[in-house]
Amino acid sequence: MIIGIDASALPPQPVGAGNYIIHLVRVLTALKSEDEFTVFAQSGGRELIALSEETACRWVIVPDMKPAVRLVWEQTLFPRLVSQSGVELLHSLHYTRPIGLPCASVVTFHDMTFFLYPGLHTRAKRIFFQLAMQISARRADALIADSESTRQDAIRLLGIPPQKIYTALLGVDEAYRPISDQRALEAVRLKYNLPPDFILYVGLVEPRKNLPLLIRAFRKLIDLKTETRLVIAGRLGWMYTQVVQLIETLGVKDKVSLIGYVPTQDLPLVYNLASVFVYPTLYEGFGLPVLEAMACGVPVVTTEISSLPEIVDDAGILVPANDEAALTLAIQSVLTDRALSRRLAILGPERASQFTWERTAQQTLQVYRNVLRAD
């Protein structure tokens with residue numbers, strides 16, 4: 001097969017969906033198969049994916065574009081480029097595909113928040129992605145969801161025939177593991193000015209991640225004389241000022257650190273330094289930071305919604321969404337119960353080892369074969 005992979009949506013500072021693009025391209029192109037891969041990417045995206053020179057892969061570098069411009073380009077100029085490339089199937093890795101596509105197509109849906117929680121997105125994104133995803137659901141030959149939860153949501157919300165959409169769970173990079181190198185750990189602690197004991201959140205600072213719930217729970221822990229700090233690692237996204245204002249309003253500014261985006265080379269070390277990882281999200285198509293934290297042996301507390309029970313199982317603590325008292329108690333339990341903390345630190349890596357990018361790539365490749373066989 002000659003497979004085209006549209007990696008043009010890869011942002012300069014990748015998080016969940018961006019990391020999916022990077023790892024899927026790396027592993028797919030490294031599989032021992034007779035397939036040929038053509039990867040469409042912006043120049044910065046090619047640098048982030050960073051394939052070895054030995055990897056048999058054809059690159060088609062597209063113009064550097066801002067996200068809104070890229071979406072217009074995708075629908076207008078990209079189809080001709082796909083046609084000229086001679087690919088038999090195009091895999092669009094980020095929700096949308098060109099309408100006028102000259103070949104078979106597969107589209108990945110990372111989540112269904114544009115339909116389930118439209119108020120958590122800007123009006124422009126909400127309108128565009130609702131329409132574009134409906135078109136993708138109708139016109140693509142097959143769809144891939146990051147989790148069974150997302151697959152079921154897509155079937156229910158968009159009326160997709162169950163046999164048309166597949167689940168391919170994401171994986172975790174081998175860099176995310178328990179680390180005992182004290183010099184490396186201390187270097188990262190100094191680099192980001194991290195306290196000796198802290199609660200960690202990793203991810204975008206945006207409404208869907210429900211950080212106000214974590215901040216209110218943290219305030220309760222302080223009131224209960226719990227000696228800890230809160231570190232928020234991630235790019236500041238839409239409506240982040242609400243989080244900053246709440247930190248100031250609750251009087252915890254001196255105990256909360258917003259350290260911004262942490263690059264991949266440092267992130268496993270930051271996880272390893274944390275006492276507990278907390279992810280209070282309202283909805284996740286997969287929840288990659290939860291898996292990364294588990295792989296690092298950090299006790300995890302997160303919400304029992306959407307895909308997260310699939311990921312965590314019994315290797316972390318699941319609490320009801322928006323339940324401040326339950327979240328506070330769960331965090332306090334991990335911080336004060338050493339036996340519980342040790343047990344979760346053991347169970348996390350064991351559970352995370354079941355999620356590999358090679359399995360993701362193999363399942364994805366099987367979807368391609370199903371589509372082209374059907375043709």
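With a 4.5 Å cut-off on side-chain heavy atoms, T281 and N210 do not count as touching. With contacts defined as side-chain heavy-atom distances shorter than 4.5 Å, the pair V82/P102 qualifies. Using a 4.5 Å heavy-atom threshold, the side chains of L10 and Q42 count as separate. Between P98 and W73, the closest side-chain pair of non-hydrogen atoms is not below 4.5 Å. Side-chain atoms of N193 and S257, non-hydrogen and from C-beta on, never get closer than 4.5 Å to each other. Inter-residue side-chain proximity for I331 and L214 is flagged as met; some heavy-atom pair is nearer than 4.5 Å. Annotation: side chain of V312 is not in contact with side chain of Y279 (no heavy-atom distance under 4.5 Å). Two residues are said to be in side-chain contact when any heavy atoms from C-beta on lie closer than 4.5 Å; N370 and Y166 meet this criterion.
When all heavy atoms of A330 and I317 are compared, the closest pair comes out as CB-CG2, 3.8 Å. The two residues P320 and A326 come nearest to each other via the heavy atoms CD-CB, 4.0 Å. Here the closest heavy-atom approach between residue S33 and residue L365 is recorded as CB-CD2, 4.4 Å. Annotation for V107 and A140: closest pair CG2-CB, 3.9 Å, computed over non-hydrogen atoms. Taking both residues in full, the closest heavy atoms of R97 and S105 are given as NH1-OG, 2.8 Å, listed atom of the first, atom of the second, then distance. Here the closest heavy-atom approach between residue V39 and residue A7 is recorded as CG1-CB, 4.1 Å.
In this structure, CG on L51 lies 10.5 Å from CG on L28, to the nearest 0.5 angstrom. Summarising the geometry, atom OG1 belonging to T150 is positioned 11.0 Å from atom CD1 belonging to I155; distances are rounded to the nearest 0.5 Å. Residue Q332 holds its CD atom at 5.5 Å from CG of L224, rounded to the nearest 0.5 Å. Taking CG of L194 as the reference point, atom CZ of R189 lies at 6.5 Å (rounded to 0.5 Å). With rounding to the nearest 0.5 Å, the separation of CD1 in I222 from CG in L230 is 9.0 Å. Considering CG of L116 and CG of D111, their distance stands at 8.5 Å, rounded to 0.5 Å.
Below 30°, between 30° and 60°, or above 60°: for F40 and F78 the angle between ring planes is above 60°, a perpendicular geometry.
Hydrophobic clustering (side-chain heavy atoms under 4.5 Å, transitive across Ile, Leu, Val, Met, Phe, Trp, Tyr) keeps F109 apart from L89. Linking Ile, Leu, Val, Met, Phe, Trp and Tyr residues whenever their side-chain heavy atoms come within less than 4.5 Å leaves L120 and L246 in two separate clusters. No path of Ile, Leu, Val, Met, Phe, Trp and Tyr side chains, each step under 4.5 Å between heavy atoms, connects L93 with V62, placing them in separate hydrophobic clusters. Hydrophobic clustering of Ile, Leu, Val, Met, Phe, Trp and Tyr side chains at less than 4.5 Å, counting indirect connections, keeps V270 apart from L204. Residues V69 and L131 do not share a hydrophobic cluster, defined by chaining ILVMFWY side chains whose heavy atoms lie under 4.5 Å apart.
For Y271, the ring-ring contact (aromatic ring centres under 6.0 Å, His included) partners two or more places apart in sequence, or in a different chain, are Y176, F277. Residues meeting the ring-ring contact (aromatic ring centres under 6.0 Å, His included) test with F129, sequence neighbours left out: Y95, F114. For F115, the side-chain contact (heavy atoms from CB on, under 4.5 Å) test picks out M112, Q130, M133, Q134, L157, L158, with sequence neighbours left out. F37 meets the ring-ring contact (aromatic ring centres under 6.0 Å, His included) test with no other residue; sequence neighbours excluded.
Between the side chain of R139 and the backbone N or O of L101 there is no donor-acceptor pair closer than 3.5 Å. A donor-acceptor contact shorter than 3.5 Å links the side chain of S147 to the backbone of G285. Side-chain atoms of K164 come within 3.5 Å of backbone atoms of R138 as a donor-acceptor pair (strictly under, hydrogens ignored). Listed for the R126 side chain is a donor-acceptor partner under 3.5 Å among the backbone atoms of P118. Looking at D141, its side chain never comes within 3.5 Å of a backbone N or O of A104 through a donor-acceptor pair. Proximity of a side-chain donor or acceptor of R351 to a complementary backbone N or O of D314 within less than 3.5 Å is not detected. A donor-acceptor pair under 3.5 Å is formed between the side chain of R151 and the backbone N or O of P162. Of the possible polar contacts, none joining the D313 side chain to the A315 backbone as a donor-acceptor pair under 3.5 Å is found. No donor-acceptor pair under 3.5 Å is formed between the side chain of S275 and the backbone N or O of D197. Here the side chain of S307 pairs a donor or acceptor atom with the backbone of E284 at under 3.5 angstrom.
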**Message:** Could you walk me through whether Y20 and H110 satisfy the side-chain contact (heavy atoms from CB on, under 4.5 Å) test, starting with their C-alpha distance in whole Å, then the side-chain angles of each, then the deciding distance to 0.1 Å, before giving a yes or no?
**Reply:** CA-CA 9 Å; Y20 164 81; H110 296 288; 3.1 Å; yes
**Request:** Could you give me the CA-CA distance, side-chain angles and deciding distance for D146 and L169, then say whether side-chain contact (heavy atoms from CB on, under 4.5 Å) is met?
**Result:** CA-CA 5 Å; D146 287 353; L169 296 170; over 6 Å; no
**Asked** For L329 and S333, what are the C-alpha separation, side-chain angles and deciding distance, and is it a side-chain contact (heavy atoms from CB on, under 4.5 Å)?
**Response** CA-CA 6 Å; L329 179 60; S333 297; 4.1 Å; yes
**Request:** Decide side chain to side chain donor-acceptor pair (under 3.5 Å) for E148 and Q152; before the verdict, give the C-alpha distance in whole Å, the side-chain angles of both, and the deciding distance to 0.1 Å.
**Result:** CA-CA 6 Å; E148 183 59 24; Q152 292 299 329; 2.6 Å; yes
**Message:** What verdict does the side-chain contact (heavy atoms from CB on, under 4.5 Å) test give for D266 and K191, after you've listed the backbone C-alpha separation in whole Å, the side-chain angles of each residue and the deciding distance to 0.1 Å?
**Reply:** CA-CA 10 Å; D266 292 340; K191 180 177 180 179; 2.6 Å; yes
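Residues E74 and S8 have side chains that never bring a donor and an acceptor to within less than 3.5 angstrom of each other. A donor and an acceptor atom, one from each side chain of H91 and T108, are located under 3.5 Å apart.
Applying the salt bridge (charged side-chain N to carboxylate O under 4.0 Å, His left out) definition to pairs two or more places apart or across chains, those involving residues 34-53 are D35-R369. Pairs passing the side-chain hydrogen bond (donor to acceptor under 3.5 Å, both in side chains) check and including a residue from residues 218-240, sequence neighbours excluded, read R219-D223, K220-E324.
Counting heavy atoms of neighbouring residues, nucleotides and ligands inside a 6.0 Å radius, atom CD of E174 does not exceed 12 of them. Counted within 6.0 Å of CZ on R156, heavy atoms from surrounding residues, nucleotides or ligands total more than 12; the atom is thus considered enclosed.
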